Amino acid sequence: YMSMKVDIKYPEQEFYATISEVDVKSISDGDFLELRKVVESCGITVIKDQEVNDEEQIAFSERFGELEISIGTNHKRENNPYLKPQISRISNVNIANDKLIPVDDHKVVFDRGNNWWHTDSSFKEIPAKISILSAREIPEEGGGTEFVDARHALETWNSKPRKYSVEQIKDDITEHSIIYSRMQNTGDIFNDQFKKDMPYVRQRLIRTHPYTKRNAFYAGSHCSHIIGWELEEGRELINEINEWIVNSGEIARHKWSNGEIVLWDNRRVLHRGTGYDESKYRRIMHRTTVAGDKPSYEEEVILH
Ligand code: OGA
Ligand code: MN
């Protein structure tokens with residue numbers, strides 16, 4: 001059997017695993033397969049004590065598949081020639097001079113948008129599979145990350161009186177936009193070019209996971225409206241779904257330690273940052289993101 005130790009914190013939801021006795025830099029093919037299964041069946045997986053640099057993080061992440069290229073903010077990637085295109089740096093520290101970035105700077109405001117429940121890259125035509133976040137420097141206070149279970153939410157949706165059952169909405173298509181979500185949450189922070197390059201994209205409201213074959217809602221803060229629905233009616237349902245994702249099950253509250261890696265499956269969970277005093281503390285997180293294979297609207301949904 002595998003040498004890794006797996007502990008599942010919320011077994012009733014099969015949610016939030018912690019893995020130990022593994023090194024992502026030298027993980028065997030067998031252990032990697034097992035790790036991948038844990039991530040896809042548990043939604044979020046914490047691996048403690050994994051000090052990696054960007055090259056090592058990319059090499060490990062690429063074992064899951066092709067990686068996304070980071071969009072940066074307004075396509076500016078901190079003007080840094082050393083930040084690899086596969087790395088999304090979520091940070092209030094300027095990589096070029098190692099100083100704190102002012103809290104009203106576009107970069108810090110953009111990253112603050114992560115504090116609203118979302119699923120990574122749902123604003124891209126082909127949304128992300130798995131995100132891999134490495135804690136390089138954590139603040140003394142705050143700066144946690146929280147996760148909720150959109151699969152549990154779907155599986156318990158019909159347990160309450162609803163205007164729309166899962167069966168009725170299983171084929172609905174929504175539109176997502178990062179301009180829309182940031183506009184709601186942090187204000188208008190984008191230049192015209194970025195807005196042009198980031199149009200609304202279509203996504204399924206319900207997705208069947210290709211590995212577990214279980215269904216989950218697919219919404220979060222980038223999700224604006226439902227195609228073919230009256231705007232307010234669609235937004236009401238999206239709000240109800242987002243609230244149910246947050247309130248129906250456990251909230252996995254992750255408090256970071258330095259050197260930790262957390263992986264989550266964006267097809268199954270929503271996540272958010274909890275915020276911290278950006279004017280006082282440094283926080284450096286580097287994310288790699290495993291790209292999806294096709295647009296979600298090309299996927300098939302199978303209800304059981
Ligand atoms: C992310 C994200 C939240 C955080 O990296 O995708 O949303 O706590 N991060 O940094
Ligand atoms: Mn995110």
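Just so you know, these numbers use all the heavy atoms, side chains as well, and skip hydrogens, waters and symmetry mates. The model shown is predicted, which means the values in this text are computed figures rather than measured ones. Remember, it's 1-based here, ligands and their atoms both numbered in the order they're listed.
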message: Between Lys129 and Asp265, does any side-chain N to carboxylate O distance fall below 4.0 Å?
response: no
message: Between His176 and Tyr218 (judged by ring centroids, cut-off 6.0 Å), do the two rings come close enough to count as a pair?
response: yes
- prompt: Do any nitrogen or oxygen atoms of Arg287 come within less than 3.5 Å of a nitrogen or oxygen of ligand 1?
  reply: yes
task: Identify, by atom number and element, the atoms of ligand 1 in contact range of Gly144, meaning under 4.0 Å from any of its heavy atoms.
output: 8 (O)
query: Counting heavy atoms not belonging to Asp49, are there more than 12 under 6.0 Å from its CG?
result: no
Min N/O separation Arg272 to ligand 1 under 3.5 Å: no
task: Rounded to the nearest 10 degrees, what's the angle NE2 of His118 makes with NE2 of His271 at the Mn ion (ligand 2)? Could you check?
output: 80°
- prompt: Can you name the closest pair of heavy atoms from Gln86 and Ile58 and give their distance?
  reply: OE1-CD1, 3.8 Å
field: Closest approach of any protein heavy atom to atom 5 (O) of ligand 1, naming residue and atom
entry: Ile90 CD1, 3.2 Å
query: Counting each atom of ligand 1 from 1 as listed, which ones have a heavy atom of Leu133 under 4.0 Å away?
result: 5 (O)
- prompt: What protein heavy atom sits nearest atom 8 (O) of ligand 1, and how far away is it?
  reply: Thr145 OG1, 2.6 Å
query: Taking only heavy atoms of Asn114, which atoms of ligand 1 are found under 4.0 Å from at least one of them?
result: 2 (C), 7 (O)
query: Which N/O/S atom belongs to Asp120 and is the closest one to the Mn ion (ligand 2)?
result: OD1
query: Hey, which atoms in ligand 1 end up nearer than 4.0 Å to a heavy atom of Asp120?
result: 6 (O)
message: Checking side chain to side chain donor-acceptor pair (under 3.5 Å) between Glu260 and each of Lys255, Lys48, Gln50, which is the one that passes?
response: Lys48
message: So that I can tick it off, tell me whether Arg112 and Asp104 are bridged by a salt bridge, with the cut-off set at under 4.0 angstrom between side-chain N and carboxylate O.
response: no
field: Any donor-acceptor N or O pair under 3.5 Å, side chains His209, Arg214
entry: no
message: Is there a polar contact, in the sense of an N or O pair closer than 3.5 Å, between His118 and ligand 1?
response: yes
message: Could you check, using the six-membered ring where one of them is a Trp, whether Phe123 and Tyr180 have ring centers closer than 6.0 angstrom?
response: no
- prompt: Given the side-chain rings of Trp264 and His271, with only the six-membered ring counted for Trp, is the space between their centroids under 6.0 Å?
  reply: yes
task: Please confirm whether Trp264 comes under 4.0 Å of ligand 1, counting heavy atoms of the residue only.
output: yes
query: Which residue from His254, Arg283, His271 reaches closest to atom 4 (C) of ligand 1 through any of its heavy atoms?
result: Arg283
